[in-house]
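See below for the structure under consideration.
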Amino acid sequence: MSLALRLDKRVTIQVHAAGQDAAGQPLPSGWVNFLADGDGKVWAGIRDISGREFAAADATQNKVVSTITIRHREGIAAKMRVLHGNLIYNIEAVLGQDGRTLALMCSRGIV
């Protein structure tokens, strides 16, 4: 199967940004799109690897571990996140620095 056939989802990669204004005061932090070109989206393949259910704070919660494959892009790192629809994937590790594709190892928690 070719790479193009597997990358069938449009996702947005975001980075947590914080900074200071001209007076040195902290600005509100928040998530901003990592890619500013076009609509900020890239083609990706998303595959859930595992899931578990656990009890925390008197509530049942779920955690899903997923791999998101994208074409190679410079600057993508752990602690960024990927948005797909209303789902948020937290990037835990970036693998496959072969210059062709990246495998983003992600966690997705659902409360």
Side-chain angles (χ1 to χ4, degrees):
M1 180 180 288
S2 74
L3 181 64
L5 293 176
R6 291 183 287 153
L7 305 183
D8 58 355
K9 311 266 188 299
R10 295 288 282 166
V11 302
T12 302
I13 299 169
Q14 293 189 320
V15 62
H16 196 263
Q20 297 179 342
D21 64 15
Q25 296 298 313
L27 294 171
S29 61
W31 292 96
V32 296
N33 290 354
F34 176 69
L35 304 170
D37 56 325
D39 63 359
K41 295 182 183 280
V42 297
W43 289 103
I46 300 174
R47 184 173 59 112
D48 293 336
I49 297 173
S50 67
R52 68 182 178 127
E53 185 174 89
F54 58 95
D58 295 327
T60 301
Q61 299 182 2
N62 299 303
K63 182 173 182 180
V64 176
V65 176
S66 304
T67 299
I68 299 177
T69 303
I70 62 171
R71 287 182 177 83
H72 186 271
R73 298 230 179 210
E74 292 294 327
I76 305 225
K79 305 300 180 198
M80 290 180 165
R81 72 181 188 179
V82 176
L83 304 179
H84 179 247
N86 61 354
L87 299 176
I88 299 173
Y89 296 87
N90 298 305
I91 301 175
E92 306 291 339
V94 180
L95 307 175
Q97 318 260 336
D98 62 2
R100 195 177 148 195
T101 62
L102 294 176
L104 311 177
M105 306 304 295
C106 300
S107 63
R108 175 174 51 102
I110 304 169
V111 177

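Owing to the predicted nature of the structure, the values given are computational and were not obtained by experimental measurement. Position 1 is the first residue of the sequence, and the numbers go up from there.
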Closest contact, heavy atoms only, W43 versus R71: CB-NH1, 4.1 Å
Interatomic spacing from NZ in K41 to NE2 in H84 - rounded to 0.5 Å: 8.0 Å
Sub-4.5 Å side-chain heavy-atom contact between Q14 and N33: yes
Minimum-distance pair of heavy atoms, taken over all atoms of A77 and I91: O-CG2, 3.8 Å
Reported CG-to-CE distance for the pair L104 and M80, which is rounded to 0.5 angstrom: 10.0 Å
Side chain to side chain contact (heavy atoms under 4.5 Å, CB included) assessment of V65 paired with D48: CA-CA 6 Å; V65 176; D48 293 336; over 6 Å; no
For K79 against W31, the heavy-atom pair lying closest together: O-CH2, 3.4 Å
Nearest atoms (heavy-atom pairs only) where Y89 meets I68: CG-CD1, 3.7 Å
Between CE on residue M105 and CD on residue E92, distance to nearest 0.5 Å: 9.5 Å
Atom pair CD1 (I13) and CD1 (I70), whose distance is rounded to the nearest 0.5 Å: 4.0 Å
Closest heavy-atom pair and its distance - I76, F34: CG1-CE2, 4.0 Å
Heavy-atom side-chain proximity of T12 to V82 below 4.5 angstrom: no
Distance-minimising heavy-atom pair for G96 and L102: O-CD2, 3.9 Å
Non-hydrogen side-chain atoms of T69 and R6 separated by less than 4.5 Å: no
Side-chain touch C106/N90, heavy atoms, less than 4.5 angstrom: no
